[in-house]
Protein chains: 2
Amino acid sequence: MTNLTIGEVAKRANLPAKTIRYYEDIGLITPLRDSNGYRVFRESDFHKLTFLGRARALGFTIEDCRTLLALYEDDSRASADVKAIAQKHLTEIEAKITDLQAMHATLSDLSQKCCGDARPDCPILEGLSGQTN
Amino acid sequence: MTNLTIGEVAKRANLPAKTIRYYEDIGLITPLRDSNGYRVFRESDFHKLTFLGRARALGFTIEDCRTLLALYEDDSRASADVKAIAQKHLTEIEAKITDLQAMHATLSDLSQKCCGDARPDCPILEGLSGQTN
DNA sequence: CTTGACCTTCCCCCAACTGGAACCTTGACA
DNA sequence: TGTCAAGGTTCCAGTTGGGGGAAGGTCAAG
């Protein structure tokens, strides 16, 4: 249960093996190696991988994940440092949502005006071409 | 007013010159060339660029832009073809918004529980590490 | 002894640009 | 005429976060 191959840890952490190799490549994890060259994943590696999986699923960048992981490992961290990263990310998420909502509003507006039949008249194309009509 | 250099058309279309060169590279526009090798942009090139700028601002992929531009140029198009692309894109935007809202909900939940002071106790890290607490 | 399922490294590919190097052209000014 | 800055040109590399696939090593089962 403690030492896993990449395939086993991939299943348990629910991450592609490719992704795990990539995370080692960029220094997020450092699994041991067996005499045959195979990676050996300890519990601690598995925990880091699940941590990374969740953080990525929440949209944190790899660099944020690196920082969060370091804070996670640091018993003397200040929770303020973690919260600051989370708040910054929340702000970015809000900005993206706002952008997408604006796009959606504009495009659904144009789309509603387009009857979508066999004729060439198209308010969507007119809107894109800049006709104020 | 009709023939522009890349710098001039970049200003008017509000696009970086680099982006315009890239659009030529991938065949979205085909400006003429002067005897000195400089690109020469006609009105029609300018119109295509503003069209592309707007379509990209609405989040359409380059390939969607290529298709939309072809439809724009095609007088015998069916508006249904345009509308189909728009509707598909709207659905994708909606999916992204939903994803981001879910991330936001989870993360703001965790963040609210974190007092964010100098102490190490941090519900955000606990949440990321998978503690059901 | 071979087969199939693993594992390894390596390199290229994706979107949609952006930055920078090295070099050419043009117009203005001394 | 020399030169300088501000344009233009091409080409190459890097970005994010991996994915696809080749070429080859390893291991357990039959």
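All values reported here derive from a predicted model rather than from experimental measurement. Convention: sequence-line order gives letters A, B, ...; per-chain numbering from 1.
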Peer 1: Check ring-ring contact (aromatic ring centres under 6.0 Å, His included) between A:F51 and all other residues, then give those that pass, not counting sequence neighbours.
Peer 2: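 ring-ring contact (aromatic ring centres under 6.0 Å, His included) check on A:F51 returns A:Y72.
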Peer 1: Picking from A:L32, A:T5, A:T2, A:I6, what satisfies side-chain contact (heavy atoms from CB on, under 4.5 Å) with A:F41?
Peer 2: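 For A:F41, the side-chain contact (heavy atoms from CB on, under 4.5 Å) check succeeds only for A:I6.
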Peer 1: Tell me, please, which residues at least two apart from B:S35 pass side chain to side chain donor-acceptor pair (under 3.5 Å).
Peer 2: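 Side chain to side chain donor-acceptor pair (under 3.5 Å) list for B:S35, sorted by chain: empty.
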Peer 1: Considering only NZ, NE, NH1 and NH2 on the basic side and carboxylate oxygens on the acidic side, decide whether B:D45 and B:K48 come within less than 4.0 Å.
Peer 2: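 Answer for the salt bridge query: no.
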Peer 1: Please list, in numerical order, the residues of residues 50-64 of chain A that have a heavy atom closer than 4.0 Å to any atom of DNA chain C.
Peer 2: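 Here the set is empty: none.
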Peer 1: Taking distance alone, no hydrogens or angles, what donor-acceptor pairs closer than 3.5 Å link side-chain atoms of residues 14-22 of chain A to residues at least two apart or in another chain?
Peer 2:
none

Peer 1: For a side-chain contact (heavy atoms from CB on, under 4.5 Å) with A:N3, tell me which candidate from A:D34, A:V40, A:V9 qualifies.
Peer 2: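 Of the listed residues A:D34, A:V40, A:V9, the side-chain contact (heavy atoms from CB on, under 4.5 Å) partner of A:N3 is A:V40.
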Peer 1: Shoot me the first and last contacting nucleotide of DNA chain C against chain A, ordered 5' to 3', at under 4.0 angstrom to non-hydrogen atoms.
Peer 2: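 Boundary nucleotides touching chain A, in 5' to 3' order, are C:dC6 to C:dC10.
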Peer 1: Distance under 4.0 Å to a non-hydrogen atom of chain A counts as contact; along DNA chain D, which nucleotides mark the start and end?
Peer 2: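 First and last nucleotides in contact are D:dG17 to D:dC27.
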Peer 1: Among residues two or more places apart or on two chains, list those pairs meeting salt bridge (charged side-chain N to carboxylate O under 4.0 Å, His left out) that have a residue in residues 52-61 of chain B.
Peer 2: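 Output for this query is empty, none listed.
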Peer 1: So which pairs with a foot in residues 98-110 of chain B pass side chain to side chain donor-acceptor pair (under 3.5 Å), sequence neighbours left out?
Peer 2: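 Pairs touching residues 98-110 of chain B that pass the test: A:E94-B:H104.
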Peer 1: With sequence neighbours excluded, tell me which residues meet side-chain contact (heavy atoms from CB on, under 4.5 Å) with A:E92.
Peer 2: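 A:E92: side-chain contact (heavy atoms from CB on, under 4.5 Å) contacts with A:K88, A:H89.
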Peer 1: Between B:S79 and A:R119 (side chain of the first, backbone of the second, donor and acceptor by atom type, cut-off under 3.5 Å), is there such a pair?
Peer 2: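 Answer holds: yes.
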Peer 1: List the residues meeting side chain to side chain donor-acceptor pair (under 3.5 Å) with A:D81, not counting sequence neighbours, and say none if there are none.
Peer 2: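 Side chain to side chain donor-acceptor pair (under 3.5 Å) check on A:D81 returns nothing, list empty.
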Peer 1: So which of residues 15-28 of chain A are in contact with DNA chain C, with a heavy-atom cut-off of under 4.0 Å?
Peer 2: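 Contacting residues: A:K18, A:R21.
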Peer 1: Applying side chain to side chain donor-acceptor pair (under 3.5 Å), can you list everything that pairs with A:T50, at least two apart in sequence or on another chain?
Peer 2: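 A:T50 satisfies side chain to side chain donor-acceptor pair (under 3.5 Å) with no residue once adjacent residues are dropped.
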